[in-house]
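First up is the structure itself, then whatever we jot down about it.
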Amino acid sequence: MIFTILKVIGIILLVVLALILTALLCVLFVPVKYRAVGSFDNTDIRAKAHVSWLLHLFALHIEYAQETDGYIRLAFVKKKLFDNYEALDDDDMDEAAKTETEDKVSENSGDEPKIPADESEYVADDQTENESTAQTHNEQRTVNDENQHIKQQTKPTHQKTYKKPHKKQFKDKSDRIKNCIYKLKREYSDERNKAAFLHLKKELFIILKRICPRRLKLTMVYSTGSPDTTGISLGILACFAVGYTNRWRITPDFESEKPYAKGSFDIKGHVIVISILAATLRILFDKNCRRLYNRISR
């Protein structure tokens with residue numbers, strides 16, 4: 001009986017360890033895929049970005065057109081990322097305040113008590129005129145107060161007030177940045193740290209190469225409004241080798257007198273966590289890099 005219980009516990013532990021090991025291997029070796037497609041016409045930009053992992057078990061999707069929208073999905077659970085809402089302008093707030101105030105004033109005016117006929121005969125003309133004038137002023141004051149109150153209530157709550165930082169904070173930050181730049185220049189000129197900087201350059205280049213997209217397609221028609229600057233910009237774009245490897249289709253328009261640019265793009269790639277982690281560990285365990293970090297942090 002005891003051996004049967006221990007056997008069951010051992011099997012459960014093995015299954016749990018196998019699941020943990022499988023999840024760890026998936027995180028390290030299963031690539032995280034990303035893709036972004038879109039089009040542009042001067043300032044009119046429309047784009048979609050999608051990130052997925054493990055057969056779309058985890059997915060992140062973002063769209064941008066007139067407004068930003070997107071969601072995040074884990075297995076079958078989906079959650080929106082952005083709560084799109086329209087903030088009220090000052091004109092909209094004034095209109096809403098005016099409408100609501102007029103409704104309240106009309107309701108209040110409908111409930112006013114009436115003066116009996118026999119008592120109204122004894123009211124003098126000058127007293128009636130004074131009372132009507134005072135009532136008019138009171139109603140105007142009430143309308144203004146209601147407008148201010150409703151305008152305060154209908155103001156968007158997402159606006160934040162920022163305090164200007166003190167000049168001393170800017171000075172302290174600038175001093176720290178200057179000190180850090182001075183230390184980097186000093187350490188870079190030291191012959192003993194050349195090996196550390198060479199190793200950092202090599203590993204950072206590897207990380208950048210692993211992150212960069214495998215495909216970067218671009219189709220564009222553009223003009224700068226002048227034939228000479230359009231030709232110069234085309235020559236600058238021709239200097240990038242990425243355009244030849246991805247077969248960019250860039251068509252200059254030398255006849256247009258107005259600057260514009262329209263086209264589409266398609267970016268696709270993937271990232272493997274184990275490659276980024278390996279490069280990071282090689283930097284952390286390099287003795288020259290550790291010595292450089294200790295010298296800069298002092």
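All values below come from the heavy atoms of this structure, side chains included, with hydrogens, waters and symmetry mates left out. Every value quoted in this text rests on a predicted model; they were computed, and no experiment measured them. Residue numbers count from 1 along this sequence.
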Which heavy atom of [X] sits nearest to which heavy atom of [Y], and what is that distance?
{"X": "G235", "Y": "C239", "value": "O-SG, 3.3 Å"}
{"X": "T68", "Y": "F82", "value": "CG2-CE1, 3.5 Å"}
{"X": "I267", "Y": "P213", "value": "CG2-CB, 3.6 Å"}
{"X": "Y34", "Y": "I211", "value": "OH-O, 2.7 Å"}

Item to complete: State which residue, out of L198, L292, L200, fulfils the side chain to side chain contact (heavy atoms under 4.5 Å, CB included) condition with N193.
Response: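 Single side chain to side chain contact (heavy atoms under 4.5 Å, CB included) partner of N193 among L198, L292, L200: L292.
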State, yes or no, whether a side-chain contact exists between [X] and [Y] at a heavy-atom distance under 4.5 Å.
{"X": "K33", "Y": "R35", "result": "no"}
{"X": "L81", "Y": "L60", "result": "yes"}
{"X": "V15", "Y": "L19", "result": "yes"}
{"X": "S223", "Y": "F254", "result": "no"}
{"X": "M220", "Y": "W248", "result": "no"}
{"X": "F197", "Y": "N288", "result": "no"}

Any chance you could measure [X], atom [atom1], to [Y], atom [atom2], to the nearest 0.5 Å?
{"X": "R73", "Y": "F58", "atom1": "CZ", "atom2": "CZ", "value": "10.0 Å"}
{"X": "Y293", "Y": "L284", "atom1": "OH", "atom2": "CG", "value": "10.0 Å"}
{"X": "R247", "Y": "L216", "atom1": "CZ", "atom2": "CG", "value": "14.5 Å"}
{"X": "T245", "Y": "F240", "atom1": "OG1", "atom2": "CZ", "value": "12.5 Å"}
{"X": "T43", "Y": "Y260", "atom1": "OG1", "atom2": "OH", "value": "15.0 Å"}
{"X": "K268", "Y": "N246", "atom1": "NZ", "atom2": "CG", "value": "13.0 Å"}

Find out if a path of hydrophobic residues (ILVMFWY) with successive side-chain heavy-atom gaps under 4.5 Å connects [X] to [Y].
{"X": "I207", "Y": "L281", "value": "no"}
{"X": "V221", "Y": "L237", "value": "no"}
{"X": "V273", "Y": "L54", "value": "no"}
{"X": "L24", "Y": "F29", "value": "yes"}
{"X": "I236", "Y": "I250", "value": "yes"}

Worksheet item: Counting only heavy atoms not in R214, do more than 12 fall under 6.0 Å of its CZ?
Response: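 Yes, enclosed.
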Taking [Y]'s backbone N and O only, do any of them form a donor-acceptor pair with [X]'s side chain (distance below 3.5 Å, no angle check)?
{"X": "Y222", "Y": "T230", "value": "yes"}
{"X": "T280", "Y": "I276", "value": "yes"}
{"X": "R290", "Y": "F285", "value": "yes"}

Worksheet entry | Salt-bridge criterion met for K80 and D69 (N-O under 4.0 Å) |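 So K80 pairs with D69 through a salt bridge.
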Fill in: Ring centers of H56, H61 separated by less than 6.0 Å
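No: the rings miss the under 6.0 Å criterion.
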Worksheet item: Would E203 and D286 satisfy side chain to side chain contact (heavy atoms under 4.5 Å, CB included), going step by step from the backbone distance to the final call?
Response: CA-CA 11 Å; E203 297 299 335; D286 184 73; over 6 Å; no
